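What follows is a single structure, written as C-alpha cells, with notes after it.
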Amino acid sequence: MKVDRLLFGAAYYDEYMPFDRIEKDMEMMVQAGINTIRIAESTWSTWEPEEGRFDFTHLDRMLSTAAQYGISVIVGTPTYAIPSWLAKKSEDVLALTHSGQNTYGPRQNMDLTSPIYRQYAERMIRKLMEKVADHPSVIGYQIDNETHPYDTCGPRAQAMFVEYLKEKFPDINEFNHEFGLDYWSNRVDDWDNFPDIRQTINASLGAEYCAFQRKIVTDFFNWQIGIVSEYKRPDQFITHNFDFEWHDYSYGMHLEVDQREAAENMTVAGCDIYHPSQSDLTGYEITACGNIIRSLKDDNYLILETEAQGNQAWLPYPGQLRLQAYSHIGNGANSVMYWHWHSIHNAIESYWKGILSHDFSENESYREISRIGNEFKVIGSNIMNLKKANRIAIVLDNRSLTGLSYFPTETNGKSSYNAVFRAFSDALSDMNIEYDVIPADRKALSRYDIVIIPALYSAKEAFLLGVNKYVQDGGNVIVSFKSAFADNYLKIHSDPQPHIIKECLGVHYDQFTYPKGVPGCSEWMELVTCDTAEEILHYDHKYWGRYSAATLNSYGNGHAMYIATLPDKRIIVELIRMLMNKTEFYEPDKLPFERHKNVTVKQGINDAGNHVLFFLNYSDEEVVINNISGDAVLLTGAAYEDSAGMSINLGDTFRLLPWDAVVLEYF
C-alpha cells in the first residue's frame, strides 16, 4: 500500500487520562511532527459500560480534536479486551485452555469461537463503525490487537477440530496411519470417540491442533474484515498489528498465527516491534521481524507500535530513537508509531512508558521524536514507499516451528527454530545483505539467487522436490540441520536424512547428538557423511571428527550447502560468503560497507525511481564512510543538521556520529 506521507505518531487514549488535556496533547503532537494517532482498540468497556448502553464521549473528543489539529486517525476494533459484564454472560465467553478455565482480568482471555462473544463483538464493531467510518480524519482500521487463539480448547473448539480433520481425512484409517495413533493405543476408530486434545502424547496430533488454532485466528480476522468492509470508505485501509515470538522483546516468527494467510485479505500488513536498547541495541529485531511482515504481502508495511521510553531497561541513549526510526523506514516500513503517547498512571503497564512521562512534560524522548517528525515532514516523500529488489530469501514455516517446539534441538528444552532463523538473519545483517522471507512453496524459489532454509523440520514433498529442481536449474541453497526430517504431519521419514533434498545436497546422516566438547558448535550436531558433496568443516572431536559439519555440493547448474550444526555467527558469515563467491553473487572487492563494524546499510528505490541508502551506526563510536556508490544528495545526518541537500559525490567521505543515521539519495 502506497502512502502520500510517512505516518508518524502514537497510540492515544483520552479515556486513560487522569484529567482533561486533549488540546494540549495534540498541540504538542503537531509541534513534534506527529501526524497520526491510533485509538479505540483497548476500551470496549468505555464504549459500552453496560450491556446495550453506548457512550462514545471520549471517541468523539479524540476525533473532533484530531480533525482540528490535522491529525489522521487509525481506529482499532476494541475486541481483544472484553468488559466484565460480558464475561459474566456465560462460561462460554472465556476460553478453556490446556491450563484450565480462564478467569476475568487479563486481556485476551476469551474464546474466539464463542457465538456469544462474537454476537456482542459484532454489535460493538458495528456501533463503532457507524460512528467513525465517515469521519474525514479516519484513514484506516486496525482489526483487534496482537491476536492469538489464546489456546482455546473448549468442547466447541475441539468439536470444530474433529470436523476439520474429517474434511482432511474422509477415511479415518488413513488418519490413524498418518498420525501413528497405534502408538500407546491412541487409535481412534470412531470420530464420536475422539479424545480430549489437551492430554495427547502424539506430537502429530498436537501440532495439527496448533494448525487448527492458527486457522481460528485467520477465520476471526476475515470475519472482522467482512464487517468493517461493509462500512469503510474505499480510501481507508484495513491492517493488524502482528506480533512475534517474545523473548522479553520481539524475536521471530509467531507460533500461534499464520501471518501470511491472516494478512491475505488486509490492505496492508502491520506489526509491533520491540527490542533491547542502550548498549544492547543492534537493529537485528527491526530487520528480522520487519522482513517477516514486509514479505507477507511483498509490499511496504506499517510499524503500528514500537517503543518510545518503553520498560526501564530500554530508556534510549541520545540518538537511538532517531536511529530506530530510520531503520524501520529503510527496511520498507511506511510508518513509525509509538506505544504510546503518555505513560499510564494505573494498572499493569504503568511502567511501560510512552513518549511523555507521568508528569506530561517535555522530555528528552519528546524532543528527539520532535526532531524525527520534523525531519520526516521535509524528506518523507524521498524515503516513503521504498521498493526492495532482494536477491536472497529465507524460508520460514509455521509447521516446522511447531514441530521443533515438540522436539527441540536445544538442550534447555525450548524451541530453537527462531534461534536458527535469527542466526542467519543476524549474520546477513552483519554482512549488510538484505533479504526477503518466503513460505515453503516451490513457486517462491525462482525469484532468488540464494535461498536459505533454516531447520525446515516439517515439509511437503512437493517443496523438497522443488528445491532439487531449483538447484538443478542454477539456484543456490543453504540448508541447516534438522531440515526435511518429517512430513507435513510430523511423521518422520523412514529413509536416510535429509529426505529427498539429500539428492541436491549430496550428503546423508542417520545419527545426531548434542555437541558436548565440540568447539564452535551449539544446540545440535548431526553426524553427516558426504556422498557427492565436498566437506567444508568437520567436528574437532576425538570420535566425531570423521563426520562433516558443513558441506558444499555442485548439483546441475547450482550449488547446495548443508550446515549440520549451529556454529557461531562468525562461521555462518564465512559460510554464506563462501557460497556467494561460488555463485558470483558479488565481487569480493566490492563490499565496502561490511568493513565498518556495527554500521548497517539498507537500501530501496523511492517513488521518483532514485536509489536511497540508509547508513545506520549501531555503536557509540563515530564512523567515517567512503561513498563508493555514486553522486548523491544528503537527506539527513546528525553531523550535518544545517547541511541537508548538500552533495556527497563519488569518493567523498561522510561521518556518522554515535547512534546516528545518514540517508543519501542517488540520482
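Heavy atoms only: backbone and side chains are in, while hydrogens, waters and symmetry mates are out. Please read all numbers here as calculations on a predicted model, not as lab measurements.
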| Lys582 NZ: over 12 foreign heavy atoms closer than 6.0 Å | no
| Under a 4.0 Å N-O cut-off, is there an ion pair linking Glu305 with Arg38? | yes
| said: Testing the 3.5 Å rule here: is there a donor-acceptor pair between the side chains of Glu146 and His148? | reply: no
| message | Between Glu264 and Lys297, does any NZ, NE, NH1 or NH2 come within less than 4.0 Å of an OD or OE carboxylate oxygen? | response | no
| message | Using a strict threshold of under 4.0 Å (side-chain N to carboxylate O), is an ion pair present between Glu574 and Arg577? | response | yes
| field | Test side-chain hydrogen bond (donor to acceptor under 3.5 Å, both in side chains) applied to Thr267 - qualifying residues, sequence neighbours left out | value | none
| request: Go through the side-chain N and O atoms of Gln324 and Thr306 and say whether any donor and acceptor fall under 3.5 Å apart. | output: no
| query | What do you reckon, is CZ of Arg233 surrounded by more than 12 foreign heavy atoms closer than 6.0 Å? | reply | yes
| field | Cationic tip of Arg422 above Tyr251 ring, under 6.0 Å, 45° of axis | value | yes
| Can you tell me if NZ on Lys460 sees more than 12 non-hydrogen neighbours from other groups inside 6.0 Å? | no
| message | Counting C-beta onward and ignoring hydrogens, is there a side-chain heavy-atom pair between Ile392 and Asp436 closer than 4.5 Å? | response | no
| request: For His254 and Phe242, run ring-ring contact (aromatic ring centres under 6.0 Å, His included): C-alpha distance rounded to whole Å, both residues' side-chain angles, the deciding distance at 0.1 Å, then the answer. | output: CA-CA 9 Å; His254 205 290; Phe242 291 110; 9.6 Å; no
| query | Do Lys388 and Asp299 meet the salt-bridge criterion of a basic N to acidic O distance under 4.0 Å? | reply | no
| request: Report yes or no: do Lys602 and Thr287 form a side-chain donor-acceptor pair below 3.5 Å? | output: yes
| message | Check this for me: does any side-chain nitrogen of one of Lys215 and Asp258 sit under 4.0 Å from a carboxylate oxygen of the other? | response | no
